[in-house]
Amino acid sequence: VVVARLLESTEAFVPGMSALPDTPSPAACGCDGAPIWPAKAAVGSDDVFWVSLVGIITLVIQVWWRRGFLFASLDPDGAAVRGVPVRWLDALLMLQVAAMVSLATRALGALPVFAFSVLPAVAASMLVRGPKGALVLALCLGAAGGAGGYLFAFFGQFPVGASQTLMAALPVFVVLALRPLHKRLAG
């Protein structure tokens, strides 16, 4: 109960930030008195600021140098022959991935961050040929998984991170389940 009260008091110090929904009755609490599944995800304003800032910088660099990144990723030998600084672009890409993953993991937790960094791309690559279409579809699947997971958690009183991970994995499960049907119809 003490932890629930301390988390509840964060709203008094940080306007708009609440770690818990309305405090439930003791009957709805676990053994230690803490609520079983809080429906709100508390993300501090500092985390939002840093994820947004680094995300915008990463996006600008990726869009600005998209042809170099794409060429160096898909054909590193051909890119090196043409004078593209492949090692430098690979190092910059890894630095950007590391920065975004570490900041997002701090803000959201490991489970949804790693799920959203892999699962939408897996589903998109199974559905679309070519990197441009797969990138757009992965972006849409990731956004839908995040929003759908949050709504599922909110209305079902489930943990947010696990719900978002489930919704991000759903397209992969659907594609894998429908693959035999597609092979029968096509073949």
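Bear in mind that the values here come from a model prediction, so they are computed numbers and not experimental data.
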With D75 via salt bridge (Lys or Arg N to Asp or Glu O under 4.0 Å) - residues at least two apart: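 Residues passing salt bridge (Lys or Arg N to Asp or Glu O under 4.0 Å) with D75: none at all.
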
Side-chain heavy atoms of [X] within contact of [Y], under 4.5 Å:
X: V172; Y: M126; answer: yes
X: R106; Y: V51; answer: no
X: L170; Y: L166; answer: no
X: I61; Y: F69; answer: yes
X: L89; Y: F71; answer: no
X: P120; Y: L139; answer: no
X: F114; Y: T165; answer: no

Measure from the side-chain N and O atoms of Q164 to the backbone N and O of G146, and report whether any donor-acceptor pair falls under 3.5 Å. yes

Under the side chain to side chain contact (heavy atoms under 4.5 Å, CB included) test, which residues partner V118, sequence neighbours left out? V122

Say you draw a straight line from OG of S73 to CG of L93; how long is it, rounded to the nearest 0.5 Å? 6.0 Å

About how many Å separate NZ of K132 and CG of L137, when rounded to the nearest 0.5 Å? 16.0 Å

